[in-house]
2 protein chains.
Amino acid sequence: MVRVVDPLVRRLRNLGLDSEEELRAILPLLKFKGRINRGEDIVQAGSSPHYSTVLLEGAACRYKITENGRRQIFTFRYSGDLCDFSRYMLPESDEAIAALSECTVAIVRHEDLQRAAALYPNLSFALWRDAMLEASIFRERLVNIGQRPALPRIANLICEQMIRLEAAGLDASTIPLTQVDLADAAALSTVHMNRTIQDLRELGVLAKSTRGIEVVHRDRLFEIAKFDGRYLNLPQHTMKWMAFLGTQGHPLLAA
Amino acid sequence: MVRVVDPLVRRLRNLGLDSEEELRAILPLLKFKGRINRGEDIVQAGSSPHYSTVLLEGAACRYKITENGRRQIFTFRYSGDLCDFSRYMLPESDEAIAALSECTVAIVRHEDLQRAAALYPNLSFALWRDAMLEASIFRERLVNIGQRPALPRIANLICEQMIRLEAAGLDASTIPLTQVDLADAAALSTVHMNRTIQDLRELGVLAKSTRGIEVVHRDRLFEIAKFDGRYLNLPQHTMKWMAFLGTQGHPLLAA
DNA sequence: CGCATCATTGAAGCCCTTCAAGACTTGTGG
DNA sequence: CCACAAGTCTTGAAGGGCTTCAATGATGCG
């Protein structure tokens, strides 16, 4: 039986919350919020709610509209991802999250989170780690946009989405994003995005498909991108890192 | 009497560590490390030391060398800034920090930090906050590089440096960075950086000066940049935020 | 005084953008 | 079930912002 919270459970496990006890204590704090259509905001810029949001199903993005009306997408979010938990620490955050497909979302009230964090320090720690991971993605995006021409830039972006979808246990053969979405994330015009995607198709990497990027030659894509996914800190790295904490001990891990 | 740790104290206060008791407990953990010349690394990529570094005096940058040999600068660091405290949480971080002027640095051993963090939860909290602040700068840099043409892009970059230098109590009339440094941070060629700086001089905003960017018309610079510094979360914003925590309570603040 | 770093200038050209229009797909209401 | 609208994808043409290459002028330091 597949439950709607499974991707979230998987995500929390990847963040170091692996005990059944912790998960049983945390999951009931989730309150189902509803479904949201593509194009609508899941979290609005400037709002300061007393809760944070979890994306149970669907694809979304963290973005900002610039002063000249353009949209810069910082990161994508998929099933199981935390949307705006930085708001738990920094309530006046300017972050906005938009749905890129039909999304199912749930919320956690900050006061519940706070109580749980006091009981389970691993939780505070997982949230912190999640925030650091996002910062790592920001840095990679900076390198991508600042230094790489369109072809490797787009290839890198697609590689990241594949790896993250796979790590979340989702289908990664077709990335659920439009060319417009990718263009706003890569800081390229949609016209040039379209032409470069056609180049990737001629290279045998992508297939023609409407609504979504279909990858047909994964290895060649990674080769073009020269993709180095270490910045994503996947579970195998997490192991090393948990081992380190085990030897060192950590105030946030102490009961 | 001006001490070499004054900028650091100021920085810690801005991060919410305002009690004398906490500061008296934390400062002795600092061990003087030495002076480092421009061009040398303060923190090397890939290293996993058991300590973190503080920049007591000088200017530095967090950067990465890309696969094609270019340097992307993520953020600048000034007197009093924490260099690599993310290493405390994520030891395998790939961050590298280079000195951009002659720098004085000190270190804190992680085991000392850990003991202090257990006694003073405000410390954990300040470090977390510092990391979130850096992530906020990354996002702004993404908007800057992804969406703005050279002139406002460079203007924005300079504005940020002025504000941060002022917030640290340092002289902000001349930004202690070369055109090469700025170019690597703005993801522009040095040639184009030079030409755009000349444009800013013709606009009466900058003065001709070797080694350093001299700002002579601050207001006009901010106007050109349309600078909105809220992302820097300056002390006045911190106040609001501390007040929020006061009303809400927070597990990391509980003893 | 010579060397290294930094700043400057000119010329050529390409990557990418903008504008504009058309084809295709999807969803919705009559 | 069709028609229309909205969103997505595609294509062509023109142009400009920025890069690269290459060389020269400044500045400062040992």
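The chains referred to below are lettered A, B, ... by the order of the sequence lines, with proteins before strands, and numbering in each begins at 1. All values reported here derive from a predicted model rather than from experimental measurement.
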| Between B/Arg62 and B/Thr75, do the side chains contain an N or O donor and an N or O acceptor separated by less than 3.5 Å? | no
| Separation of atom CZ in A/Arg38 from atom C1' in C/dT25, rounded to whole Å | 14 Å
| message | Which residue is it: A/Leu8, A/Leu82, A/Val105? I am looking for the one with a side-chain contact (heavy atoms from CB on, under 4.5 Å) to A/Leu55. | response | A/Val105
| message | What is the separation between atom CG on B/Leu177 and atom P on C/dT5, rounded to the nearest whole Å? | response | 18 Å
| field | Under 4.0 Å protein heavy-atom contacts per nucleotide of nucleotides 10-20 of chain C, with B for base, S for backbone only and - for none | value | BB----BBBB-
| note | Exactly one candidate in B/Arg11, B/Arg164, B/Gln161 meets side chain to side chain donor-acceptor pair (under 3.5 Å) with B/Tyr78; the answer is B/Gln161
| message | I need the single residue from B/Leu165, B/Asp81, B/Leu177 that forms a side-chain contact (heavy atoms from CB on, under 4.5 Å) with B/Phe76. Which is it? | response | B/Leu177
| Looking only at side chains, do B/Tyr51 and B/Asp84 share a donor and an acceptor under 3.5 Å apart? | no
| message | Please confirm whether the shortest side-chain N or O distance from B/Gln179 to OP1 or OP2 of C/dT8 is below 4.0 Å. | response | yes
| query | To the nearest angstrom, how far is A/Asn194 atom CG from C/dG22 atom P? | reply | 17 Å
Considering only distance and modelled atom types, tabulate donor-acceptor pairs under 3.5 Å from the side chains of residues 187-194 of chain A, sequence neighbours left out.
unit_1: A/Ser189; atom_1: OG; unit_2: A/His192; atom_2: N; d: 3.2
unit_1: A/Asn194; atom_1: OD1; unit_2: A/Gln198; atom_2: NE2; d: 2.5
unit_1: A/Asn194; atom_1: ND2; unit_2: A/Gln179; atom_2: OE1; d: 2.9

| query | Which whole-number value in Å describes the distance from A/Asn37 CG to C/dG27 C1'? | reply | 11 Å
| request: Calculate the interatomic distance between B/Arg211 atom CZ and C/dT5 atom P; express it in whole Å. | output: 11 Å
| Between A/Glu95 and A/Lys64, is the closest basic N to carboxylate O distance under 4.0 Å? | no
| field | First-last contacting nucleotides on DNA chain D - partner chain B, under 4.0 angstrom, heavy atom | value | D/dC18 to D/dT27
| Taking atom C1' of C/dC6 as reference, at what distance in whole Å does atom CG of B/Asp181 sit? | 10 Å
| said: I need the single residue from B/Ile163, B/Asn156, B/Val205 that forms a side-chain contact (heavy atoms from CB on, under 4.5 Å) with B/Phe222. Which is it? | reply: B/Ile163
| query | Separation of B/Ile154 atom CD1 from C/dA7 atom P, in whole Å? | reply | 13 Å
| said: Please evaluate residues A/Glu57 and A/Arg3 with respect to the criterion salt bridge (charged side-chain N to carboxylate O under 4.0 Å, His left out), reporting the C-alpha separation (whole Å), side-chain torsions for both, the decisive distance (0.1 Å), and the verdict. | reply: CA-CA 11 Å; A/Glu57 279 180 320; A/Arg3 299 166 305 165; over 6 Å; no
